[in-house]
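Both counts, for ligands and for their atoms, begin at 1 and track the order of listing. Counting begins at 1 with the first residue of the sequence.
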Amino acid sequence: MATEKSVKKGYIDKAIPSNINLVTAIKALCKEKNAVIMAHYYQPNEIQDIADFIGDSLALAQQATKTNASIIVLCGVHFMGETAKILCPQKKVLVPDLNAGCSLADSCPVEKFESFIKNYPDYTVISYVNTTAAVKALTDICVTSTNAKKIVDQLPKDAKLLFGPDKNLGDYINSTTGRNMVLWNGACHVHEQFSLEKILFLKEQYPTALLLAHPECKKPLLLVADFIGSTQALLNFATESEEQQFIIATESGIIHEMRKRNPQKEFIPAPPIDSTCGCNECNFMRLNTLEKIYNCLTYELPEISIDEEIKKKAAKSIVKMLSLS
Ligand code: CIZ
């Protein structure tokens, strides 16, 4: 029997019988327990392949509200598990490894964010979904990279806006909406790590390849990109485009779904400054494994729990996002 105390390492570290087929066993556990596996596009390939649903955080949040399952195994990072729990407080939300954090969420500690927004009392606080529930509780409207422009465009033209935590995404939204949002100085370590020099070299090697970049990347990279968008937008663009080669400047996990949908096209991961493999992976996203999913379903741990007051306040900013997106 495993209890909350068994989650000492952030995940259930119990031996798994060596003769079991993990994929079959995970599917059987899901059926037995009325559980669904929801995975982000940045998850390792084998996790995307067993998921009942894959998507970006907007789609995962929307799907969480629609499922009839009693248990959601959220294969992504911690804030995504929190979002599912906030939207579905009556469901059990499990994350296979609680250590799966987010450098961007970490770049916005709640106490510092609270002092920062106090300097702007009459501003509407907009937060990217990559934040802790506590930061969302201080937020008026939550956004994702898929819906940020659409939501900001709906706000009154003279509204004073503050955006956190990603300064690159905030700067990009300012440029596409003509707003002048005050920006928190945070960033994602994966998207900040792309090497412009190596990417320009790749463009010379693949002269017809289009560079598709996520708006969390730094501005000089965005200036040379052929298309800028969220993971979902990049996936849609690559699928609908007549072109055959694409350099992808976001977490390389998305390339799995791009290749599945477009087996005849070539996808080249954009290289980071330091890398041995030539692609850019989020270490946090890679902490989830099939073994941890199996144990998490078996013991129904680790479970996401959020302080009631924070949950209520955070829910308002997410519900507002869903109503505007
Ligand atoms: O919102 C998400 O899911 C993230 C982290 C990126 C994206 O663009 O989808």
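Residue Tyr42 approaches ligand 1 through these ligand atoms, each under 4.0 Å from one of its heavy atoms: 6 (C). Here is the list of ligand 1 atoms found below 4.0 Å of a heavy atom in His214: 6 (C), 7 (C), 8 (O). Under a 4.0 Å criterion applied to the non-hydrogen atoms of His40, ligand 1 contributes the atoms 2 (C), 3 (O), 4 (C), 5 (C). Close approach of ligand 1 to Ser230 (heavy-atom distance below 4.0 Å) involves ligand atoms 8 (O). Listed by number with element, the atoms of ligand 1 under 4.0 Å from a non-hydrogen atom of Asn130 are 5 (C). If you number the atoms of ligand 1 from 1 as listed, the ones under 4.0 Å from a heavy atom of Asp56 come out as 3 (O), 9 (O).
Considering backbone and side-chain atoms together, Glu216 places no N or O closer than 3.5 Å to any N or O of ligand 1.
Of the possible donor and acceptor atoms, one in the side chain of Thr239 sits under 3.5 Å from a partner among the backbone N and O of Leu235. The backbone N or O of His189 lies less than 3.5 Å from a partner atom in the side chain of Ser103, making a donor-acceptor pair.
With respect to Lys33 and Glu300, a salt bridge is recorded, a charged nitrogen being found less than 4.0 Å from a carboxylate O. The pair Glu82-Lys85 fails the salt-bridge criterion, with no side-chain N (NZ, NE, NH1 or NH2) lying under 4.0 Å from an Asp/Glu carboxylate O.
Relative ring orientation between Phe246 and Phe267 is described as parallel, the plane-to-plane angle staying below 30° on a 0-90° scale split at 30° and 60°. Relative orientation of the Phe116 and Trp184 rings is perpendicular, given thresholds of 30° and 60° on the angle between their planes.
The environment of Lys150 atom NZ is sparse: at most 12 non-hydrogen atoms of other residues, nucleotides or ligands sit within 6.0 angstrom. Other residues, nucleotides and ligands place no more than 12 heavy atoms under 6.0 Å from the NZ atom of Lys320.
Of all protein heavy atoms, the one closest to atom 2 (C) of ligand 1 is Ser57 OG, 2.8 Å. With respect to atom 9 (O) of ligand 1, the closest heavy atom belonging to the protein is Thr231 OG1, 2.4 Å.
Ligand 1 lies out of reach of Gln232, whose nearest heavy atom is not under 4.0 Å from it.
Contacts with ligand 1 closer than 4.0 Å are made by no heavy atom of Tyr41, backbone or side chain.
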